Participant: 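Before I ask anything, here is the structure I am working with.
So that the names make sense, note that chain A is the first sequence line, chain B the second, and so on, each numbered from 1. Keep in mind that this is a model prediction, so the values were computed, not measured.
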Protein chains: 2
Amino acid sequence: MQDSFTSFSLQVNNRVYIKNPESSALGLKIVEASINLIDKVGFEAFTFRKLGLEIHSNEASIYRYFESKYKLLMYLISWYWSWMGQRIDFGLANILAPEERLEKAIKLLTEDIELDGNFEHINEYKLNRIVIAEASKSYMTKEVDQNNEEGFFAGYKQLVGQMSNIILEINSTYKYPHMLISTLIEGAHHQRFFAQHLPRLTDEVNGEDAVIEFSKEAAFKAIGARRPINK
Amino acid sequence: MQDSFTSFSLQVNNRVYIKNPESSALGLKIVEASINLIDKVGFEAFTFRKLGLEIHSNEASIYRYFESKYKLLMYLISWYWSWMGQRIDFGLANILAPEERLEKAIKLLTEDIELDGNFEHINEYKLNRIVIAEASKSYMTKEVDQNNEEGFFAGYKQLVGQMSNIILEINSTYKYPHMLISTLIEGAHHQRFFAQHLPRLTDEVNGEDAVIEFSKEAAFKAIGARRPINK
DNA sequence: CAAATATAATAGCAATACTATCATATATGA
DNA sequence: TCATATATGATAGTATTGCTATTATATTTG
């Protein structure tokens, strides 16, 4: 059986699903509708039964693709980080200076997300909201260690590793490159959420995207480097 | 009826509970045992039925104190931030220079937590682990806005506000004081979790507590201030 | 066209998140 | 001290959740 039903396809650890959802029309519908439904009702209220109703299919059929709703969430989040990794790879192509690479990558990681037309069944705008609101629920569990062994977080760890390497190119003596990056990525997500719901935990600045600016500035100052000149 | 059964008592928004757990022996036992149980099995697997068994009491009795396990979690987290606020107030008493105040406060906010003998029914060490692992579940919900209106996050917001003020004392032109503080607090929590479970997302440095050092350094560099000289 | 495979329909089960009812302690204050 | 209020306990019940099992019907493929 072919594993690819879509034209463009991203790498997702095959242990998060039972049957690859990209291998069938039903699978694609499951993914597409799950994004809509989780975004709409939140992960706690999301159930396979409701999802089945939504796509005029069957709870039992969905279980043939994903062992549980947690695994489906893992799938979505892994897909997101794989997509983001690719986005950064493309975005950094042809940029050589590590300072510029870092600045551009931070922008890509912390900016508001827009639709990417390459994946018809995935709404990256909504998926970003899901990652912001639900990602910590995918690893803040009693099963982290097991899930980690199975490689569920490989994409995210790889991305953090790549970013750290850029930082070390700029300042090879900086002691906390992974901390800095993971703090800024998760931090930016939280700040987006706070801006919507708990504004006293964040700051708004006229005429700029404060989340991006804060992240860039904090990163360059932390590693003691000068930001590239704006073209 | 007296609302205070304990000698020392911290302010927790009275809308998170139905009946104040500090007002009775059963209430105190509920709080104490819930910390142990959530820490042990995780919040998802935690139920009032199991808690009832644990304390040889009754599910229905627990519901007379807390509307749901989410409200109980809110209670624990609010208590934690109220406790932390007080810890910082004490810790900063007699320190005048804002740079020293900031440095000390960041240490208190990001260091590993030890038992505080003042509250017999609360194990702050375990509670800290719960806050690290479960706090985002208390606000990353579809009910945030409503909960926020009811004042459930007041303690945390107040703490972030106080810290921001210290930052502004040091550098009144810094644009992102709230962002910086909330990012560092949540970031430090995540880093503690990563160190245990996803070490590739963090950094370890011999001979120092890297979470504290990273946080202090990042804060002072971000606001463009020099760290106070070590005594 | 037969055989394999995927999906749908339905049912069922144990656990969860409550609510309700009634009985029995325990505390309080007149 | 006795009546009354209040707190707790015991038990049961309901709707929903998170699954699994079974059997029937499409659909694909060789």
Side-chain angles (χ1 to χ4, degrees), chain A residues 1-5 16-34 37-38 40-75 134 137-138 141-143 147, chain B residues 1-6 16-34 37-38 40-75 121 134 137-138 141-143 147:
Chain A
M1 188 204 323
Q2 269 269 80
D3 240 10
S4 156
F5 206 76
V16 305
Y17 50 74
I18 296 168
K19 181 178 170 179
N20 190 338
E22 293 199 348
S23 69
S24 78
L26 178 62
L28 294 173
K29 249 170 56 181
I30 288 172
V31 170
E32 179 174 19
S34 71
L37 192 52
I38 294 174
K40 188 166 140 206
V41 304
F43 185 66
E44 336 300 321
F46 168 79
T47 70
F48 279 2
R49 192 181 298 252
K50 290 176 191 164
L51 179 58
L53 288 172
E54 200 77 23
I55 61 179
H56 305 287
S57 173
N58 197 279
E59 196 183 2
S61 303
I62 299 167
Y63 274 103
R64 282 191 204 97
Y65 286 84
F66 295 101
E67 202 180 298
S68 68
K69 69 174 189 169
Y70 289 91
K71 290 283 168 72
L72 171 51
L73 180 62
M74 297 269 188
Y75 177 86
E134 321 289 359
K137 293 169 196 164
S138 76
T141 68
K142 288 285 162 188
E143 296 82 38
N147 291 336
Chain B
M1 190 204 324
Q2 268 269 76
D3 240 11
S4 157
F5 206 77
T6 42
V16 306
Y17 50 75
I18 296 168
K19 182 180 169 178
N20 189 339
E22 293 199 350
S23 69
S24 76
L26 178 62
L28 294 173
K29 249 169 55 180
I30 288 172
V31 170
E32 178 174 18
S34 71
L37 192 52
I38 294 174
K40 187 166 139 204
V41 304
F43 186 66
E44 337 299 321
F46 168 79
T47 70
F48 279 2
R49 190 182 298 257
K50 289 176 192 166
L51 180 57
L53 287 173
E54 201 77 25
I55 61 178
H56 306 289
S57 173
N58 199 279
E59 196 182 1
S61 302
I62 300 168
Y63 274 103
R64 287 192 197 97
Y65 285 84
F66 295 101
E67 203 180 296
S68 68
K69 67 175 190 168
Y70 290 91
K71 290 281 168 73
L72 171 51
L73 181 62
M74 297 270 189
Y75 177 86
H121 64 304
E134 322 288 0
K137 293 169 195 163
S138 77
T141 69
K142 289 285 161 188
E143 297 82 37
N147 291 338

Participant: When every nucleotide of nucleotides 10-19 of chain D is labelled 5' to 3' by its protein contacts under 4.0 Å (heavy atoms), B for base, S for sugar-phosphate only, - for none, what sequence of letters results?
Facilitator: BB-----BBB

Participant: CZ of B:Phe43 versus C1' of C:dT16: gap in Å, rounded?
Facilitator: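 Going from B:Phe43 (CZ) to C:dT16 (C1'), I get 13 Å.
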
Participant: Does A:Ser24 have a side-chain nitrogen or oxygen under 4.0 Å from the phosphate oxygens OP1 or OP2 of D:dT27?
Facilitator: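 It does not, given that no N or O in the side chain of A:Ser24 lies less than 4.0 Å from OP1 or OP2 of D:dT27.
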
Participant: Without swapping roles, check the side chain of B:Lys50 against the backbone of B:Ala45 for a donor-acceptor pair under 3.5 Å.
Facilitator: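 Indeed, once roles are kept as given, a pair shorter than 3.5 Å links the two residues.
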
Participant: Would you mind classifying the nucleic acid contact of A:Phe66 as base, sugar-phosphate or nothing, using non-hydrogen atoms under 4.0 angstrom?
Facilitator: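 It contacts nothing in the nucleic acid.
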
Participant: Over how many whole Å does the gap from A:Ile18 atom CD1 to C:dT7 atom P extend?
Facilitator: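 Nearest whole value for this atom pair: 13 Å.
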
Participant: Would you call the rings of A:Phe48 and A:Phe46 parallel, tilted or perpendicular if under 30° counts as parallel and over 60° as perpendicular?
Facilitator: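 A:Phe48 vs A:Phe46 ring planes: perpendicular.
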
Participant: Examine C:dA6: is either OP1 or OP2 under 4.0 Å from a nitrogen or oxygen in the side chain of A:Tyr65? Give yes or no.
Facilitator: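 So the side-chain polar atoms of A:Tyr65 never come under 4.0 Å of the phosphate oxygens OP1 or OP2 of C:dA6.
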
Participant: Does the side chain of B:Tyr75 pick up a donor-acceptor pair with the side chain of B:Ser34 at under 3.5 Å?
Facilitator: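 There is no such pair (donor and acceptor under 3.5 Å, judged by atom type) between the side chains of B:Tyr75 and B:Ser34.
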
Participant: Does the distance from a Lys or Arg side-chain N to an Asp or Glu carboxylate O, for B:Lys137 and A:Glu44, drop under 4.0 Å?
Facilitator: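 Salt bridge between B:Lys137 and A:Glu44, a charged N being under 4.0 Å from a carboxylate O: no.
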
Participant: I want to check one thing: is the phosphate of C:dA17, taken as OP1 and OP2, less than 4.0 Å away from some side-chain N or O of B:Lys71?
Facilitator: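 For B:Lys71, the contact criterion (side-chain N or O under 4.0 Å from OP1 or OP2 of C:dA17) is not met.
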
Participant: In whole angstroms, how far is the C1' atom of C:dA8 from the CG atom of A:Leu51?
Facilitator: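 For the pair A:Leu51 CG and C:dA8 C1', the rounded distance is 15 Å.
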
Participant: Within this structure, what is the CG-to-P distance between A:Leu26 and C:dT5, rounded to whole angstrom?
Facilitator: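 In whole Å, C:dT5 P and A:Leu26 CG are 18 Å from each other.
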
Participant: Whole Å only: how far is the CD1 atom of B:Ile55 from the P atom of D:dT8?
Facilitator: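 The answer, rounded to whole Å, is 10 Å.
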
Participant: Does a side chain donor of either B:Ser24 or B:Tyr65 reach within less than 3.5 Å of an acceptor in the other side chain?
Facilitator: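 Yes, a side-chain donor-acceptor pair sits under 3.5 Å.
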
Participant: Take a 6.0 Å sphere around NZ of A:Lys40 and say whether it holds more than 12 heavy atoms from other residues, nucleotides or ligands.
Facilitator: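 No.
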
Participant: If I take atom CG in residue B:Leu37 and atom P in nucleotide C:dT16, what distance separates them, rounded to the nearest angstrom?
Facilitator: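 The answer, rounded to whole Å, is 11 Å.
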
